[in-house]
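The model shown is predicted, which means the values in this text are computed figures rather than measured ones. Worth knowing before you read on, the calculation uses all heavy atoms, side chains too, and leaves out hydrogens, waters and symmetry mates.
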Amino acid sequence: MSDRFNITVDGKPVAAKPGETVLRACQREGIHIPTLCDDTRLDPMGACRACLVEVDGQRRLQPACAWKAAPNQNVKTHASSPRVQKHQDLLVSLYMADHKLDESGLPIETANSNQLRSWAQETRPVSLEAVEAPRAARAGDKNPYIQYNPELCILCARCTRYCDEIEAVNAITLTNRGSETTIGTAGMKGLLETTCELCGGCIDTCPTGALVEKKAIEILPHQLERKVRTTCNYCGVGCQMDLNVAKVNGQEKVVRVTSPPPGETVNDGNLCVKGRFAYDFIHHKDRITEPMIRKADGNLHAVSWPEALKFAAEGMNRVKQRHGPGALGFISSARCTGEENFLMGKVSRAAFKTGNVHSCAAT
Amino acid sequence: MQKTGARREEILHLLEELGGVTADNVREVARRTKVSEAEIWGSGTFYTLLKGGPRVRVCNGLSCRIRGSDELVAQLRAQGKEVEEVSCLGQCDRAPAALDENLKVFDKSRGPRGVTPANPGLAVNLAGEPDYTLAALDKARAMAPADIFRLLEESGLQGRGGAGFPAHIKWKGVSTQKETERYVVCNADEAEPATFKDRETMLRRPDKIIEGMAIAAHAVGAGECHFYIRGEFRAEYEAVKAALKRMEARLNFVSWYFHQGHGAYICGEETALLESMEGKRGMPRLKPPFPHEFGFRGKPTLINNVETLACVPWIFHNGGPAFKALGRTEAGSKLYCISGHVNQPGVYELPLGATLDELVAVAGGYEGTPKAFSPGGASSGFLPISKSSTPLDFKNLAKEGSMLGSAGVVVLNDTVDMAKAAQWQLEFFEVESCGQCAPCRIGSRYLHRQTTKYLKTGDPGALKHAGDIGWEMEEGSICGLGMVAAKPLESAMKYWPQEFARR
């Protein structure tokens, strides 16, 4: 495209678009710049300082996430700048002095991963004494899903910005100042007493696992068998989600649901409370997994799909013959997709000749 | 996210009016302004003056520490008072300073406070009679903006808030924006430790500040003038308001607004100040964009320090070259605050580029044997007294790895332990860091704790990474606070290594 131009990154030409940041141009070309507070859905904040690069003509290091690319700009990342390298090593050192570490001295791994852990392995941090920042948690938060652990929080504010910029819910906020800064709510109340809708998007965007889902908190990412991409069946929007499967007592089970990365699917990394947290039905003992017919003994019995469909069709035809098509009505579920609703219309109008058809999603 | 109809700019003021941040007050402010409760809570908890409950506030700035602020705290607590130790109150000339429950200064009046005698030949002339005639404004309004900028350029006026940026470039920068909704903001959030020149200017010469703002508004085409004043400055607020009242009939070509701060040093940083005016947490913005293009409410905004604006009328009366000639190594006369171990602390107006020895001479001389001085607030670190003939200006102090900053000069004599002095300054930066970026938030706490540990154990190993962390704070922080927060320790270790040996 004619409006594209080149910048130079570590001596190599990189194509950029007008208005694009150095970070996005580099990401498209596969040039690695570490980030913590960046989320493609949010306005750049430049607070984590992980992505600082050298820009020609600038005295100070600049955040690639916010710095706009300009024609012929010369940028150096840690790959070619000892200054950026030293900055990264020392920044990681500081983060680690303010973070819960495991026995190996690395930032602790959590059920929601921890990008600081991998970054610490890519750099050469010096070992500093812990600063023991007095960040408050919200004691007594009784919400069933979302847990906040201030020992793992780096205050990148992705969660609070997500809650504001994407969900427009504003349940959580940066609170206090300086080393006392923490993630709080009005009155430091539990999430159930706020405007929080428990969408769990804060967990999804958290880079260090300071926010985790309370269920299956002991199952770490490397213990997962696989992820299965599927469509949420709670409504017709069609959100894509990943079922996280792990072996529990020797059996494969869905242990949590995560959203695919932003930009990949129609829901852009977002899910609602049902999609993200209401998956207990999958392995529930009362779940009906095959069609059933109530037989002469008064009890439900499992049958094959052809038998069940035949039985239902015969029953409805009997009603139609006895009372006319107007005696039949069809209501489809809000959990049906558009395609399924279309088929419901066909069944009603073409097969049974009645216009009595409705979807509960319409009201 | 800005909600339609929400009035965010009002929330901090309302919280203060209701008595501080409590869950109930936050709910009430949310009801009145349509701003979400969480945003109000988040903004409110940033500011120390919004902590509810009456208390006496005792300053723990450097000049007050060496004058016994710790003893004052103990004394007040023994009287059963609720006491909070707070960052520098800008009352270093009456150290140890304290504010009572109503934010009124405890004045122990140890004689008159030092100030240069009246002299119309000085740009600010603190001791002179206020002049409400607005004669300089009349001259300015008869001039085209381009001529005004030329006059400022000739005068060589540099921003007196700390950075020393040429004033005419800022002014021109605002006036050349396409956007015509523009603002003038006077930064009166003076809180750099050891600095009290703006305080004294507001009390004595508010006429000059207001006239300077009005000239600026005319020159850059702004429709509104906003005065952001440190929350602890109550008498100063009344003084400026009273002066405006005397002149307002002739100043109604712009609208005037006051904003009282709510307790946060960082709001003296211009973009944090703008955030605070918008009802947000006082966290500095990324620059660029600079305020002259994206300022208050996202519009072009001229932000100048009190003293910068107070110099402007004199320039219109006497011309650019005359102002320049008032200085020695750089342009103009300059308000220097001096406190610590000198006999007559105060604010003295001297040629820019005067030396410490000259300044101390007008301030009654050294008290005891001088050892160190801090030329421009906590941010400038410490210099040994052997540098007392260095011109106190922007350029020469930068060459020494220090800075003129806000010209808050503190002299320390040989009774002061430099490691202790560094620890006090580091405590200030830890408490006042906004917490937004990791280098400053974690680094300032780390250095403060390690220096404290060294003082306790005498083991210099506690400070073995201090140099690296100071480097990272300067390179990695978003704003100037983090960039300079390690300076007091770095400079003390550089010039007094023996005071950081094993003890």
Spatial distance of atom [atom1] ([X]) from atom [atom2] ([Y]) [nearest 0.5 Å]:
X: Ile183(A); Y: Thr173(A); atom1: CD1; atom2: OG1; result: 8.0 Å
X: Arg83(A); Y: Trp471(B); atom1: CZ; atom2: CH2; result: 7.0 Å
X: Cys199(A); Y: Glu167(A); atom1: SG; atom2: CD; result: 4.0 Å
X: Glu472(B); Y: Ser477(B); atom1: CD; atom2: OG; result: 7.5 Å
X: Glu151(A); Y: Glu132(A); atom1: CD; atom2: CD; result: 10.0 Å

Taking NZ, NE, NH1 and NH2 as the nitrogens, is one of them in [X] or [Y] under 4.0 Å from a carboxylate oxygen of the other?
X: Glu10(B); Y: Arg32(B); value: no
X: Asp102(A); Y: Arg117(A); value: yes
X: Arg449(B); Y: Glu129(A); value: no
X: Glu278(B); Y: Arg285(B); value: yes

Can you tell me which portion of [X] sits under 4.5 Å from chain A's heavy atoms? Options are side chain, backbone, both or neither.
X: Glu474(B); result: backbone
X: Lys287(B); result: backbone
X: Lys453(B); result: side chain

Let's test your reading of the structure: which of [options] forms the most heavy-atom pairs below 4.5 Å with chain B?
options: Leu155(A), Leu61(A), Asp43(A); answer: Leu155(A)
options: Met188(A), Glu180(A), Lys86(A), Lys189(A); answer: Lys86(A)
options: Ala133(A), Ala66(A), Ala171(A), Cys156(A); answer: Ala133(A)
options: Gly184(A), Gly46(A), Ser93(A); answer: Gly46(A)

Need one label for [X]: side chain, backbone, both or neither, based on atoms under 4.5 Å from any heavy atom in chain B.
X: Ala130(A); answer: backbone
X: Ser127(A); answer: backbone
X: Gln62(A); answer: side chain
X: Leu52(A); answer: side chain
X: Arg161(A); answer: neither
X: Ser179(A); answer: both
X: Lys68(A); answer: neither

For [Y], does its backbone N or O pair with a side-chain atom of [X] as donor and acceptor, under 3.5 Å?
X: Arg230(B); Y: Gly261(B); value: no
X: Thr35(A); Y: Cys51(A); value: no
X: Glu192(B); Y: Ala378(B); value: yes

Residues in residues 265-277 of chain B near chain A [non-hydrogen atoms, under 4.5 Å]: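 Against chain A, none of the residues of residues 265-277 of chain B fall inside the cut-off of heavy atoms under 4.5 Å.
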Using a cut-off of under 4.5 Å on heavy-atom pairs, state which of [options] scores highest against chain A.
options: Thr48(B), Thr45(B), Val431(B); value: Thr45(B)
options: Gly476(B), Cys437(B), Gly443(B); value: Gly476(B)
options: Ser36(B), Ala30(B), Ala23(B); value: Ser36(B)
options: Ile442(B), Ile469(B), Leu286(B); value: Ile442(B)
options: Gln436(B), Glu37(B), Arg281(B), Met473(B); value: Arg281(B)

Pair Ser87(B), Glu432(B): side-chain N/O donor-acceptor within cut-off below 3.5 Å: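 There is such a pair between these side chains.
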Any side-chain donor near an acceptor of the partner, His87(A) and Glu475(B), under 3.5 Å: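 No, because no side-chain N or O of His87(A) sits under 3.5 Å from a partner of the opposite role on Glu475(B).
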Residue among Asp39(A), Asn270(A), Thr160(A) satisfying side chain to side chain donor-acceptor pair (under 3.5 Å) with Thr205(A):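 Single side chain to side chain donor-acceptor pair (under 3.5 Å) partner of Thr205(A) among Asp39(A), Asn270(A), Thr160(A): Asp39(A).
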